[in-house]
Amino acid sequence: MAERAARQLRVTTTGARGARHALYVVLLKDTRRMGRWGLYVGETSLDPDLRFDQHKTGYKASRYVNRFGLRLLPQLFEHFNPLRRWEAVELEPALAEAFRHAGVPWVEGGH
């Protein structure tokens, strides 16, 4: 359901000249929650793998990714990247909302 929601969003700057930003989605797991599994949506000018590593080491980290992040879910974001900054900033909250609307019980990020 999350992949279907991500594929429904349309972008215009994917691969455009000057497109250097990326969206990324992290799988979250918290065994104390009713809905143990969740997603974190972020935007970066770095490679998503590097940004995930930064979260896990505590550098400019989301507390959710730092504590509960398991891995990136490239099937949910690779088709968007790379993007121009303005579109990445607009798409980040839209993607988080699409996941919520699709029924993902726990979604963080998407600011």
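All values derive from a computational prediction rather than experimental measurement.
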Atom CG of Leu27 and atom CZ of Phe52: how far apart are they, to the nearest 0.5 Å?
-> 9.0 Å
Which pair of heavy atoms, one from Ala6 and one from Leu76, lies closest together, and at what distance?
-> CB-O, 3.5 Å
Donor-acceptor pair, side chain of Lys29 and main chain of Leu70, under 3.5 angstrom = no
With hydrophobic residues grouped by side-chain heavy-atom distances under 4.5 Å, do Val104 and Leu9 end up in a single group?
-> yes
Where the side chain of Arg84 meets the backbone of Arg17, is there a donor-acceptor pair that is under 3.5 Å apart?
-> yes
Non-hydrogen atoms of Leu46 and Ala22 that approach each other most closely = O-CB, 4.3 Å
Here the pair of heavy atoms bringing Ala5 nearest to Ala102 is CB-CB, 3.8 Å
Which distance, rounded to the nearest 0.5 Å, do you find between the CD of Glu43 and the CD of Glu90?
-> 11.5 Å
For the pair Thr14 (side chain) and Phe80 (backbone), establish whether a donor and an acceptor sit closer than 3.5 Å, ignoring hydrogens and angles.
-> yes
Heavy-atom nearest pair, Leu72 first then Val26, reads CD2-CG2, 3.8 Å
Donor-acceptor pair, side chain of Asn81 and main chain of Leu23, under 3.5 angstrom = yes
Just how far is it from atom CD of Glu92 to atom CD of Glu87, taken to the nearest 0.5 Å?
-> 13.0 Å
At what distance, to the nearest 0.5 angstrom, does CG of Leu83 lie from NE2 of His21?
-> 9.5 Å
Got a sec, which pairs hit side-chain hydrogen bond (donor to acceptor under 3.5 Å, both in side chains) with one end in residues 97-106, sequence neighbours left out?
-> Trp106-Glu108
Atom pair NZ/CZ of Lys56 and Arg51 - distance to nearest 0.5 Å | 12.5 Å
Would you list the pairs meeting side-chain hydrogen bond (donor to acceptor under 3.5 Å, both in side chains) in which at least one residue belongs to residues 58-72, sequence neighbours left out?
-> none
First locate atom CG of Asp49, then atom OG1 of Thr44, and finally report the distance between them rounded to the nearest 0.5 Å.
-> 11.0 Å
Sub-4.5 Å side-chain heavy-atom contact between Leu28 and Val107 = no
Side chain to side chain, Thr13 and Trp86, heavy atoms closer than 4.5 Å = yes
Close side-chain approach of Pro82 to Arg20, heavy-atom, < 4.5 Å = no
Indicate the ring-plane relationship of Tyr24 and Tyr40, choosing parallel, tilted or perpendicular according to the 30° and 60° boundaries.
-> tilted
